[in-house]
Every structure is written in structure tokens, then in C-alpha cells.
Amino acid sequence: MAHEGLAAIRRGLEGLDRDGLRRTRRVLDSPQGPVVVEGGLALANFASNDYLGLANHPRIRAAAIAAIEAWGFGAGASPIVVGHARPHEEAEVAFARFAGMPRALLFPSGYAANLGILAALADRSAEVFADRLNHACLNDGALLSRAAFRRYPHGDLDRLEALLAASRSAIRIIATDTVFSMDGDIAPVAELLALAERHDAWLVLDDAHGIGVLGEGRGTLARFGLRSPRIVYMATLGKALGGYGAFVAGEPELVEWLMQRARTYVFSTALPHAAAAVATAALRLLEEDPGIVEALAGRIAEFRRACEASGIATGSSTAIQPVIVGDSHRAVEVSARLRALGQLVPAIRPPTVPEGTARLRISLSAAHSREQVAALVAALVRALGDVPAR
Ligand SMILES: *Cc1c(COP(=O)(O)O)cnc(C)c1O
């Protein structure tokens with residue numbers, strides 16, 4: 001019997017090759033850092049989300065090692081059974097204080113957190129309003145909840161307000177990235193909160209790329225001085241904080257509800273103790289050494305100045321700096337040319353970004369030196385010149 005399912009997959013993979021959309025993985029032979037080793041080459045690393053250089057920071061390593069010595073590795077159970085131990089409890093308390101929120105809950109990952117939040121807050125009768133450029137896991141959470149799913153054009157507050165005004169649902173949820181992951185631009189969070197107030201909605205904020213970066217490291221809410229019982233605040237640990245996992249913070253009853261009802265919390269093993277200990281250590285490090293966040297701000301400013309001087313268009317004030325190339329094939333070729341020049345810069349293609357907006361996605365880090373940023377911009381100028389637009 002012919003295996004039709006496998007044949008369909010083969011055709012699918014051929015299609016990816018034809019469209020220049022097949023992804024391959026790199027195998028790193030070094031820890032994360034401003035320079036990584038891959039394929040026998042040392043490459044300047046502008047590809048990771050390790051915005052503060054904490055992934056391999058001595059204090060983070062020490063916290064992980066100490067936790068493993070004290071607790072072993074596996075948490076052994078769901079947090080609501082016996083997987084929730086002192087390091088997890090301490091991390092939640094530390095994050096609530098750090099973010100200025102009433103209570104926090106430690107989820108297995110950002111992806112799991114967003115699925116859990118939306119499916120626990122929404123049901124079939126609900127409506128979820130989502131920015132079109134949101135991260136995939138907010139979309140997946142909305143779909144999992146079975147709520148009506150209304151996407152509004154990126155940043156279009158008028159369109160969102162019209163959708164909210166037309167809503168007949170008792171449960172309304174606005175969901176947005178705070179810092180958009182492929183463009184690095186910041187959502188109009190204060191205006192979104194005003195809309196949530198006016199239309200009696202929740203505001204789910206995904207601060208994956210804002211925590212550790214904006215508001216002296218305390219995230220996008222701190223950056224704009226916002227507080228509200230309508231806010232469901234999600235911050236991941238895998239990016240600037242150099243670890244793994246995610247926090248969700250908000251009103252005590254909201255967090256209690258998620259603990260009872262978020263399926264990705266209840267039915268998943270608790271994070272390893274070391275991941276919880278690393279979260280606490282990262283928060284403490286940011287409190288004690290604001291210089292780390294300031295160093296990142298310095299690299300962002302230097303990158304922007306150098307790009308402007310070189311005629312490269314950039315538009316972001318965060319660690320994520322897109323250089324739009326347009327065509328997927330050209331984006332891949334420019335990325336390959338950069339690699340030959342010693343620079344690791346990923347090409348991001350559809351479906352991760354909209355059709356016709358393939359780009360280089362440059363991630364800056366506090367761990368980069370000024371010289372590394374200057375060398376990157378020089379290499380960008382060369383690579384873009386070497387691979388002309390078709
Ligand atoms: C990375 C990311 C996530 C997922 O977080 P993980 O902890 O890696 O699962 C969620 N939202 C946004 C915007 C992200 O960039």
C-alpha cells in the first residue's frame with residue numbers, strides 16, 4: 001500500500017526547498033556568548049536572544065550549579081502535585097516583587113504560558129483580539145481556547161476599538177506582544193490598556209523581548225509606569241534573563257485561577273529547580289548591577305548611529321534590529337555572505353514574517369563590545385553590496 005501521508009510530506013519538503021524556506025539548524029560547539037563556535041569557525045553572534053549575556057554569566061552558572069548540588073536536577077512532578085519546591089516558590093516571590101505585581105506563577109515556558117493563559121481565561125463564548133504580528137503562541141492559545149479570534153492590523157488602535165465596540169461577548173481579551181519579536185517595535189501599551197478599561201477587557205501582555213531590556217530591565221510595564229488589575233503579564237526567562245521558563249503575573253485571584261485551570265501549568269512537570277534558581281539569580285543580578293542593562297542600551301544606540309551613517313534603514317529602539325531584505329533567497333544569500341565575513345546573523349523568512357519582508361534579524365547584547373557592533377555594521381554594508389537585489 002502506498003504511504004500517502006509520507007508522500008505528501010515529501011512534496012511539502014520539496015516545496016520548502018523550491019521557495020527557499022527550508023530551515024536548517026546550526027550545531028554550536030560553544031556556549032552562548034558574543035562569539036560562538038560553529039562549523040569550526042568563531043563567529044560574532046548576533047543571532048541569539050541572550051540580550052544581557054546572562055546565558056553563560058558566572059553568577060548564573062554558579063546559581064545553577066548550587067541548585068543542582070542542593071536539589072538534583074528533575075522536579076519530578078507537576079507543581080500542583082509535588083513538583084513545586086522552595087526554589088520555585090522563591091522565584092515567584094522574587095519576580096512579583098521585581099515586576100511590581102501582586103503575585104506570579106512559574107510556567108514551563110513562554111509558549112506554555114500563553115497557551116495556558118488564553119485557554120484558561122477564554123471559552124467558546126469569549127472573543128480574543130490580537131495584533132496581527134503577535135508571536136505564534138498567542139495565536140495558538142486563542143485557537144486552543146475556541147474563542148472567536150479577531151486579528152487587527154499591526155498597531156491599529158482604531159480597528160481594535162471598532163472590533164471591541166462591536167463585541168457582544170461577556171469575556172473580551174486583548175492579547176499583544178509588547179516588543180514585537182521580528183521588528184523590535186514597541187506596542188502602544190498605555191493606549192491598549194485604556195481600550196481594555198473602556199471595553200471591559202483583559203489585556204494579556206507578552207513581554208518576552210521587553211523584560212530585561214526596557215524600564216531599566218524591569219520590563220515594558222515599568223517602562224510606561226502602568227499598573228492595572230486588567231493586565232495579565234507574561235515574561236519569559238529564555239531571552240534576556242538567560243534561563244528557561246516563564247512567569248505570569250497579575251491579580252492574586254487571576255494567578256490562583258491560572259494555577260487551578262491553566263492546563264499547561266497543571267498537566268506539565270515543574271521546571272527543574274536549577275531553572276527556578278537561575279531566574280531568581282538573574283533578577284537579583286539586574287537589581288544589583290544596572291550597568292548590564294545600560295551596556296545593552298549603549299550597543300543599541302551605537303548600532304543605530306552606525307547604520308544611519310552607512311545608509312542602512314533600521315527602526316527599532318530595542319535589542320531586536322531588523323534589516324528588511326524582501327526576497328527570501330536574497331536574505332539567505334546575504335546571511336551566508338555575512339557568515340563568510342565572520343558574522344552570525346539569521347535570515348528570517350515567511351511564514352515567520354509576512355510575505356515579501358524576509359529580513360536579517362540582528363539581536364544585540366550587553367555582552368557585545370563596541371568594536372563588535374562596528375564590525376557588524378561594516379560587514380552588513382559589504383554583504384548587502386555583494387548580493388544585489390534581484
Ligand atoms: C520566545 C517567545 C515566546 C516563547 O517563549 P519560550 O519560553 O521560548 O517558550 C513567547 N512569546 C514571544 C513574543 C517570544 O518571542
Side-chain angles (χ1 to χ4, degrees), residues 23 25 32 47-52 54-55 60 79 88 91-92 95 99 104-119 128 130-144 151 154-155 173-187 189 192 203-214 219-221 223 231-249 258 262-265 268-272 274-276 278-279 282-283 316 318-322 346 348 351-354 359 361-365:
R23 290 120 188 269
R25 294 176 303 176
Q32 280 299 336
S48 91
N49 303 314
D50 184 22
Y51 303 130
L52 297 176
L54 299 191
I60 297 301
H88 305 83
E92 290 176 350
F95 184 75
L105 194 65
L106 187 53
F107 271 77
S109 72
Y111 201 113
N114 280 344
L115 290 191
I117 292 167
L118 288 169
V128 176
D131 189 292
R132 193 163 279 285
L133 295 190
N134 278 352
H135 192 269
C137 58
L138 282 172
N139 297 340
D140 294 353
L143 296 179
L144 186 63
R151 296 170 88 192
H154 182 50
I173 302 172
I174 303 168
T176 186
D177 289 16
T178 52
V179 175
F180 287 88
S181 53
M182 294 301 141
D183 294 270
D185 58 325
I186 303 172
V189 183
L192 290 169
L203 178 60
V204 175
L205 296 175
D206 177 340
D207 208 24
H209 302 280
I211 189 75
V213 175
L214 299 176
T220 304
L221 291 178
R223 162 77 179 72
I231 292 176
V232 183
Y233 180 62
M234 198 287 285
T236 62
L237 293 165
K239 286 159 184 154
L241 298 181
Y244 194 79
F247 289 110
V248 179
L258 294 177
R263 295 169 65 83
T264 53
Y265 186 77
S268 208
T269 300
L271 281 176
V278 154
L283 300 176
S316 147
T318 66
I320 301 165
Q321 298 287 337
I348 309 283
T352 307
V353 293
R359 67 197 62 185
R361 179 183 184 273
I362 292 155
S363 313
L364 299 169
S365 168

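Note that this is a predicted model, so its numbers are computed, not measured. Whatever order the structure lists them in is the order used to number ligands and atoms, beginning at 1.
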Is there a donor-acceptor contact under 3.5 Å linking the side chains of His209 and Tyr51?
yes
Out of all atoms in ligand 1, which are within 4.0 Å of some heavy atom of Cys137? Include the element for each.
10 (C), 11 (N)
Nearest-contact summary for atom 4 (C) of ligand 1 - protein heavy atom, Å:
Tyr111 N, 3.6 Å
Identify the closest protein heavy atom to atom 8 (O) of ligand 1: which residue and atom is it, and at what distance?
Lys239 NZ, 4.3 Å
Return the minimal non-hydrogen interatomic distance between Leu52 and Gly212, and the atom names on each side.
CD1-O, 3.3 Å
Could you tell me whether Ala208 approaches ligand 1 through its side chain, its backbone, both or neither, with non-hydrogen atoms closer than 4.0 Å?
side chain
Any chance the rings of His154 and Phe180 have centres within less than 6.0 Å?
yes
Taking the inter-plane angle between the rings of His135 and Tyr111 on a 0 to 90° scale, is it parallel (under 30°), tilted (30 to 60°) or perpendicular (over 60°)?
perpendicular
Hey, is ligand 1 close enough to Thr236 that some N/O pair sits below 3.5 Å?
no
Consider only side-chain N and O atoms of Arg23 and Thr352, and report whether a donor and an acceptor are under 3.5 Å apart.
yes
Starting from atom 11 (N) of ligand 1, find the nearest protein heavy-atom neighbour and note its residue, name and distance.
Asp206 OD2, 2.5 Å
Looking only at side-chain N and O atoms, does Asp206 offer a donor or acceptor that is under 3.5 Å from a partner on Asn134?
no
Contact between ligand 1 and Gly238 is defined here as a heavy atom of the residue under 4.0 Å from a ligand atom; is it met?
no
May I ask you to check if ligand 1 and Gly110 share an N or O to N or O distance below 3.5 Å?
yes
Hey, does Ser181 come in under 3.5 Å of ligand 1, counting only N/O atoms on both sides?
no
Regarding Thr220 and Asp207, is there a side-chain donor-to-acceptor distance under 3.5 Å anywhere?
yes
Within the structure, does His209 bring an N/O atom to less than 3.5 angstrom of an N/O atom in ligand 1?
yes
